[in-house]
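Please read the structure below before turning to the comments.
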There are 2 protein chains.
Amino acid sequence: MARTTEKLDEKIRARNIRIILDVATDVFSRKGFDGARIAEIAELANLPKANIYYYFSSKEDIYSTIITNLIAGWDDALSKLRVDQDPADALRQYVRAKLVYARENPRESRLFASEIIQGARFLSKKDRAHMRAATDRYVAVLDQWMQEGRMRKIDARHFFIMLWGATQFYSDFEPLACDALHRNSLSEQDYDSAVDTIVSSIVSGVIPVAQPNR
Amino acid sequence: MARTTEKLDEKIRARNIRIILDVATDVFSRKGFDGARIAEIAELANLPKANIYYYFSSKEDIYSTIITNLIAGWDDALSKLRVDQDPADALRQYVRAKLVYARENPRESRLFASEIIQGARFLSKKDRAHMRAATDRYVAVLDQWMQEGRMRKIDARHFFIMLWGATQFYSDFEPLACDALHRNSLSEQDYDSAVDTIVSSIVSGVIPVAQPNR
DNA sequence: CTAAAAATTGACGACCTGGTCAGGTTACAG
DNA sequence: CTGTAACCTGACCAGGTCGTCAATTTTTAG
């Protein structure tokens with residue numbers, strides 16, 4: 001990359017790289033790493049296959065780039081939990097942010113899920129450490145709330161896994177979610193209902209305090 | 001299949017088919033449909049590739065067979081909800097049964113997840129209808145409990161999606177779960193903690209009834 | 001305009017893919 | 001033992017796979 005020609009470089013390079021990454025996200029999310037074909041990516045990008053290799057050195061290069069990008073985008077999008085917030089409000093915001101991201105970026109969501117299911121082979125140690133650290137910060141906030149008596153004592157790590165699983169389901173297993181909800185596709189209202197159900201279940205519980213016997 | 005030689009037929013056929021389906025489950029779960037290679041299945045099964053094609057007509061044939069089998073095994077393994085049960089007990093049993101199945105059959109779990117993420121291309125209409133019907137039965141039980149005041153009124157369909165997502169996570173996204181829990185692998189105790197956290201969160205809620213302000 | 005840097009691309013190679021097939025072996029009924 | 005049905009398998013094929021490369025065109029700085 002020459003220093004003096006940065007402007008045009010950026011224009012053509014940036015544009016083509018963006019297009020390639022965009023369509024590659026689509027293909028990888030539908031086929032997984034092994035099933036994806038560079039030829040299909042090239043076709044969707046309207047570029048000859050050789051041009052793909054002008055910008056990326058290999059299939060893995062494209063794939064890893066996407067993964068690193070999406071992890072970065074992820075914790076940008078996530079609503080941050082802060083100790084001074086009201087726990088119930090904060091959790092609602094968190095669940096909502098995660099579902100909004102899942103709705104707006106289903107391909108990234110599925111690509112990531114695919115990668116993990118297939119053994120997290122290309123998830124770099126750095127990215128993993130990054131995610132672990134983020135989890136630890138969230139767990140610390142919940143632990144603090146529990147210590148202050150503002151939240152019941154539960155295992156914060158399993159609790160987050162529960163939230164991730166519940167929210168992830170809507171993007172990754174969309175066909176199943178549609179079936180379960182008797183829908184052809186999920187509307188914004190369905191996502192709102194999801195937030196409501198998840199939040200109200202975990203905040204207040206589903207069993208009434210004074211429980212009648214039969 | 002001749003009628004008079006059924007005994008030997010069954011022995012050799014059944015054995016080889018079982019072995020093929022077993023190792024194929026492994027390969028498909030790790031690579032997805034497109035990424036899986038028949039040659040690898042043959043190698044792991046210690047059979048020449050041509051022998052695989054003596055028992056199955058195509059890659060898809062193997063794959064579909066596995067999917068139909070695992071769906072059948074699935075609702076056998078699931079704890080059934082009955083209206084006359086105590087809701088809290090019943091939900092605990094359900095969550096436990098799902099996690100036990102996920103722990104004991106991670107390959108099947110991941111294979112199914114892979115299939116759904118990749119668009120449920122080979123999930124037959126019959127299998128889908130079967131799953132929808134099962135969901136409807138579960139939803140009916142919860143609705144009944146709500147009508148009787150034994151459960152808070154929430155959207156039962158989203159509630160089940162939440163349970164599925166939360167439990168599915170432990171098998172499908174095991175590497176992430178391990179990271180989140182600071183483990184190298186998940187022990188039986190981790191699964192017990194998962195059940196406890198999930199059940200106590202959704203049964204009683206995580207926010208104390210009398211919530212102190214700061 | 002010119003020269004060099006950047007971008008493009010058709011053709012190709014080495015290997016892999018799902019799937020076939022013909023000719024063999026094994027197991028067993030009678 | 002004999003015939004036949006079930007079972008096995010090495011060799012093969014047509015098409016697809018990732019990745020390369022040399023030759024060309026486009027862009028831009030000066």
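Order of the sequence lines fixes the chain letters, A, B, ..., with proteins taken first and strands second; residue numbering starts at 1 for each chain.
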For atom [atom1] of [X] and atom [atom2] of [N], their distance in whole Å:
| X | N | atom1 | atom2 | result |
| --- | --- | --- | --- | --- |
| A:Asp34 | D:dG16 | CG | C1' | 15 Å |
| B:Glu40 | C:dC16 | CD | C1' | 13 Å |
| B:Lys11 | C:dT26 | NZ | C1' | 15 Å |
| B:Ile12 | C:dC28 | CD1 | P | 7 Å |
| B:Asn16 | C:dA27 | CG | P | 13 Å |
| B:Ile19 | D:dC7 | CD1 | P | 14 Å |
| B:Lys59 | D:dG16 | NZ | P | 14 Å |
| B:Ile41 | C:dC16 | CD1 | P | 18 Å |

Taken in chain and number order and not counting sequence neighbours, the residues that satisfy salt bridge (Lys or Arg N to Asp or Glu O under 4.0 Å) with B:Arg137 are none
Note: contacts of residues 45-58 of chain A with DNA chain D (heavy atom, under 4.0 Å) are A:Lys49, A:Ala50, A:Tyr53, A:Ser58
Sorted by chain and number, sequence neighbours left out, side chain to side chain contact (heavy atoms under 4.5 Å, CB included) with A:Asp127 holds for A:Ile67, A:Thr68, A:Ile71, A:Leu123, A:Ser124
Applying side chain to side chain contact (heavy atoms under 4.5 Å, CB included) to B:Arg82 and not counting sequence neighbours gives B:Asp84, B:Gln85
With distance as the sole test, does B:Asp190 use its side chain to make a donor-acceptor pair with the main-chain N or O of B:Ser187 at under 3.5 Å? yes
Applying side chain to side chain donor-acceptor pair (under 3.5 Å) to A:Gln118 and not counting sequence neighbours gives A:Arg121
Sorted by chain and residue number, the side chain to side chain donor-acceptor pair (under 3.5 Å) partners of B:Asp143 (sequence neighbours excluded) come out as none
So what does B:Ala42 touch, heavy atoms closer than 4.0 Å: a base, only the sugar-phosphate, or nothing? nothing
Residue set satisfying ring-ring contact (aromatic ring centres under 6.0 Å, His included) with A:Phe112, at least two apart, ordered chain then number -> A:Trp74
In residues 22-31 of chain A, what donor-acceptor pairs under 3.5 Å come from side-chain atoms, sequence neighbours left out?
| from | atom 1 | to | atom 2 | distance (Å) |
| --- | --- | --- | --- | --- |
| A:Asp22 | OD1 | A:Arg107 | NH2 | 3.0 |
| A:Thr25 | OG1 | A:Leu21 | O | 2.6 |
| A:Asp26 | OD2 | A:Arg30 | NE | 3.4 |
| A:Asp26 | OD2 | A:Arg30 | NH2 | 3.3 |
| A:Ser29 | OG | A:Thr25 | O | 3.2 |
| A:Ser29 | OG | A:Asp26 | O | 2.8 |
| A:Arg30 | NH2 | A:Glu40 | OE2 | 3.2 |

Should the pair A:Lys59-A:Asp34 be classified as a salt bridge under the 4.0 Å nitrogen-to-oxygen rule? no
Expected list for residues 20-31 of chain B near DNA chain C, using heavy atoms below 4.0 Å, is none
message = OP1 or OP2 of D:dC7 versus the side-chain N and O atoms of B:Arg13: is any pair under 4.0 Å?
response = yes
